[in-house]
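Accompanying notes for the structure given below.
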Amino acid sequence: MSSLVIDLILCGVAYVVLIYFVATLTKAKINRNRNNNDDDGDGGVEDLTPPKIDLPPGIVWPGEDQDKSKKPVTL
């Protein structure tokens, strides 16, 4: 075999070994970060209250359309 073929085989083996080590080290780092991930990813403050919108007169939200001053009629 010529020296070119031997060099190509050795480079191929070195490439495979290098990729194996990089994949192994990267996978360990990703798994370590995934196990204790308390961050939801958005980075903002969560505000679950509905917005306060100034509606025109006569327009009400669907949940607020019941008149609370009326008492149920009992027979």
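We use all heavy atoms of the structure for the numbers below, so side chains are in, but hydrogens, waters and symmetry mates are not. Small disclaimer: the values here were computed from a predicted structure and weren't measured.
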From Leu18 CG over to Cys11 SG, what is the distance, rounded to the nearest 0.5 angstrom? 11.5 Å
Between CG on residue Asp54 and CD1 on residue Ile59, distance to nearest 0.5 Å: 12.0 Å
Co-membership, hydrophobic cluster, residues Leu8 and Val5, 4.5 Å side-chain: no
Could you check Leu55 against Ile53 for side chain to side chain contact (heavy atoms under 4.5 Å, CB included), going step by step and ending with a plain yes or no? CA-CA 6 Å; Leu55 297 174; Ile53 298 176; 4.0 Å; yes
Exactly one candidate in Tyr15, Tyr20, Phe21 meets side-chain contact (heavy atoms from CB on, under 4.5 Å) with Val17; the answer is Phe21
